[in-house]
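Letters A, B, ... are given to chains in the order of the sequence lines, protein chains preceding strands, and every chain is numbered from 1. From a predicted model like this one, the values you see are computed outputs, not experimental measurements.
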2 protein chains.
Amino acid sequence: MPNEIARDSGKPRYLQIADDLADQIRAGVLAPGSRVPSESTVMERYGVSQGTVRKAVAELRTAGLVETHHGRGSFVRQLPPVRRKSSDRFRRSHRANGKAAYLAEAEQAGQHPTVQVLYIGPVHAPAEVAHRMNLPDGERVLARRRRYFSDGTPTEEATSYLPWTVATEIPELFDENPGSGGIYARLEEHGHALAEYVETVRARLATKAEVSALQLSPGSPVIHLVRDAVTCGGRVVEVCDTVMAADRFVLDYRIDADG
Amino acid sequence: MPNEIARDSGKPRYLQIADDLADQIRAGVLAPGSRVPSESTVMERYGVSQGTVRKAVAELRTAGLVETHHGRGSFVRQLPPVRRKSSDRFRRSHRANGKAAYLAEAEQAGQHPTVQVLYIGPVHAPAEVAHRMNLPDGERVLARRRRYFSDGTPTEEATSYLPWTVATEIPELFDENPGSGGIYARLEEHGHALAEYVETVRARLATKAEVSALQLSPGSPVIHLVRDAVTCGGRVVEVCDTVMAADRFVLDYRIDADG
DNA sequence: CAGTGGTCTAGACCACCAT
DNA sequence: TGGTGGTCTAGACCACTGG
């Protein structure tokens, strides 16, 4: 039985209902994956109108407790385990076993990773990418766009950009699977020894495209990460643009205190 | 004059209105800081009811284009310039001029930084902090809680935690201003030479407390950063927990490709 | 088909802010 | 005080999902 709703309390009714439902979710009365009572049920149970119930459920949605599907209902979210992205995931020594960074990390976390290649081919460099590579705006570059899944649910979408002159040196970069150790191994084999990576981290709300690509609820935050791969000669030979569901990742960075 | 609203288009009316207003904002017809037409004005202009207008404005709010104040109206947001947080901001060499990291960075960005000290004193270590410092849960630690402003608007709230035994060695840690170079300089002067920092980055939606502390709109994303300061002996002598408005910061990290 | 969520209206009352 | 946004209702119709 639900808690009673105080008709006169200072708190809006829709928030009282949202809190009540949230408590039931946290207490396990509403288990992960189970259906939240339908709008009409909640209307009757608390004696409120549909609009009020909808605002309550909207609260649960933006709190990330619930996801709702038109015509089916709202369901308690079962969050996929959070994955860590460690700043040493691109160390050469980790390439020894031949795994690409993503697969190695995911498997270590006990998950079943999948990669879907969306596009490999030439594109005009977006402004930010061209700037980072020190190329003219709109210059032709190789794009490698792919979507990553863990246990079947999409978690991340990434696009790598490489200067066209670099890409044509390395046929494997046009393959869906660039081979053991990933594209960084291929770059280094072809004389582009890497000195460092520079990562830029932003967070923002997901765009509509990202909401559908990553199966998010509208209003969810994403982490937007852009990484430059810099050679010993100071040249940026790859820019990787990644968008991740914010609630599925934690990023770790080690920073030397140096002198 | 506003674009006409197609009564029959597939798109919901509230989204058409939201897009129309968003266009006016982006085109500068509605300038930053200016008032969005009141609900009743919009109702009349587009011939819709209040509920529809409210949903439209809610869209603009979650898109970060507008902020609304009860009894006053909705206003086009003027975003403070984005600030970069570089991973080398804690280098010892940067402490030579005596500035703390935050002030040095903000001034370099041409902004007027302010710090407000909220609390300095003992607290029971939160679980995550205790774990990182390898202390028993709830152990007494020194907390230094402060809020940072740039040009008067709050951008970030941070709490540093230090083991009580370390804190009592260093009287300056109980002062509002810990002196030239900040608390890291004090720690190193007292025999805690720092080897590295480990930063953990998450993004999520702001809690209600954060919404009010950082003057955000509900549903805004924040960046949550937790940093350990690790001595050469491997001891964590400080944990700094920071919450930033996501739209005001970009984080930069350099990662050695190493061997 | 019945049941679900999604949109919309017309009208009411309240809470906040300025004057 | 009048104007603003915030909550709520009762009822309507539409769009999607499932059996």
Side-chain angles (χ1 to χ4, degrees), chain A residues 4-21 30 33-62 65-77 208 211-212 215-219, chain B residues 4-21 30 33-62 65-77 208 211-212 215-219:
Chain A
E4 282 313 307
I5 296 300
R7 194 160 203 108
D8 53 351
S9 138
K11 217 176 200 175
R13 318 266 292 275
Y14 77 91
L15 279 184
Q16 297 181 46
I17 295 173
D19 287 347
D20 203 16
L21 292 171
L30 294 173
S34 68
R35 271 206 44 195
V36 175
S38 74
E39 292 182 352
S40 47
T41 307
V42 178
M43 287 168 64
E44 197 179 324
R45 175 135 71 181
Y46 295 93
V48 297
S49 66
Q50 192 202 22
T52 305
V53 175
R54 290 185 62 71
K55 284 200 80 173
V57 176
E59 282 295 308
L60 299 179
R61 217 163 23 224
T62 70
L65 289 173
V66 138
E67 61 189 18
T68 114
H69 301 278
H70 193 169
R72 287 203 286 136
S74 291
F75 299 82
V76 179
R77 276 181 59 177
K208 279 165 196 157
V211 164
S212 77
Q215 293 178 14
L216 305 172
S217 4
Chain B
E4 283 314 308
I5 295 301
R7 196 160 203 106
D8 52 352
S9 138
K11 220 178 199 174
R13 318 264 293 272
Y14 78 91
L15 279 183
Q16 296 181 48
I17 295 173
D19 286 348
D20 203 16
L21 291 171
L30 294 173
S34 68
R35 272 208 40 193
V36 175
S38 74
E39 292 183 351
S40 48
T41 307
V42 179
M43 286 168 65
E44 197 180 324
R45 175 134 72 182
Y46 294 93
V48 296
S49 67
Q50 192 203 18
T52 306
V53 175
R54 290 185 62 72
K55 284 202 77 171
V57 176
E59 283 294 308
L60 299 180
R61 219 164 22 226
T62 72
L65 289 172
V66 137
E67 62 189 16
T68 114
H69 302 278
H70 193 168
R72 287 203 287 136
S74 291
F75 300 82
V76 179
R77 276 181 59 176
K208 278 164 195 159
V211 163
S212 78
Q215 293 179 15
L216 305 172
S217 6

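- Partner of B:Val57 under the side chain to side chain contact (heavy atoms under 4.5 Å, CB included) criterion, out of B:Arg54, B:Lys55, B:Arg61, B:Glu59: B:Arg61 alone.
- Distance check: B:Arg77 CZ to B:Leu60 CG gives 12.0 Å after rounding to the nearest 0.5 Å.
- In this structure, B:Lys11 atom NZ and D:dA15 atom P are separated by 17 Å, rounded to whole Å.
- Taking atom CD of residue B:Glu39 and atom P of nucleotide D:dG5, one finds them 5 Å apart after rounding to whole Å.
- At the phosphate of D:dT7, OP1 or OP2 sits under 4.0 Å from a side-chain N or O atom of A:Tyr14.
- Of the side-chain N and O atoms in B:Ser40, none sit less than 4.0 angstrom from OP1 or OP2 of D:dG5.
- Not one side-chain nitrogen or oxygen of A:Arg54 sits closer than 4.0 Å to the OP1 or OP2 atom of C:dG5.
- Residues B:Tyr46 and B:Asp20 are in side-chain contact: their nearest non-hydrogen atoms beyond the backbone lie under 4.5 Å apart.
- Out of C:dT9, C:dG11, D:dT4, the shortest distance to the side chain of B:Arg13 is found at C:dT9.
- When the C1' atom of D:dT17 is taken as reference, atom NE2 of A:His70 falls 9 Å away, rounded to whole Å.
- Here the side chain of A:Gln16 pairs a donor or acceptor atom with the backbone of A:Lys11 at under 3.5 angstrom.
- Each of D:dG11, D:dT4, D:dT9 was ranked by its minimum atom distance to the side chain of B:Arg35; first place goes to D:dT4.
- Checking B:Val36 against A:Thr52, the closest nucleotide of DNA chain D that is more toward the 5' end is the one next to B:Val36.
- Regarding A:Gln50, its CD atom lies at a distance of 9 Å from the P atom of C:dG6, rounded to whole Å.
- Atom CD of B:Glu67 is separated from atom P of D:dG6 by 13 Å (rounded to the nearest Å).
- Closest approach of A:Arg45 to A:Pro37, counting heavy atoms only: NH2-CG, 3.5 Å.
- Between A:Lys55 atom NZ and C:dT7 atom C1' the separation is 16 Å, expressed in whole Å.
- Each of B:Gly71 and A:Gly51 was matched to the nucleotide of DNA chain C holding its nearest heavy atom; the match closer to the 5' end belongs to A:Gly51.
- Note: CE (A:Met43) to C1' (D:dA10) measures 9 Å, nearest angstrom.
- Rounded to a whole Å, the CD atom of A:Glu59 is 13 Å from the C1' atom of D:dG6.
- An OP1 or OP2 oxygen of C:dG11 is reached within less than 4.0 angstrom by no side-chain nitrogen or oxygen of B:Ser49.
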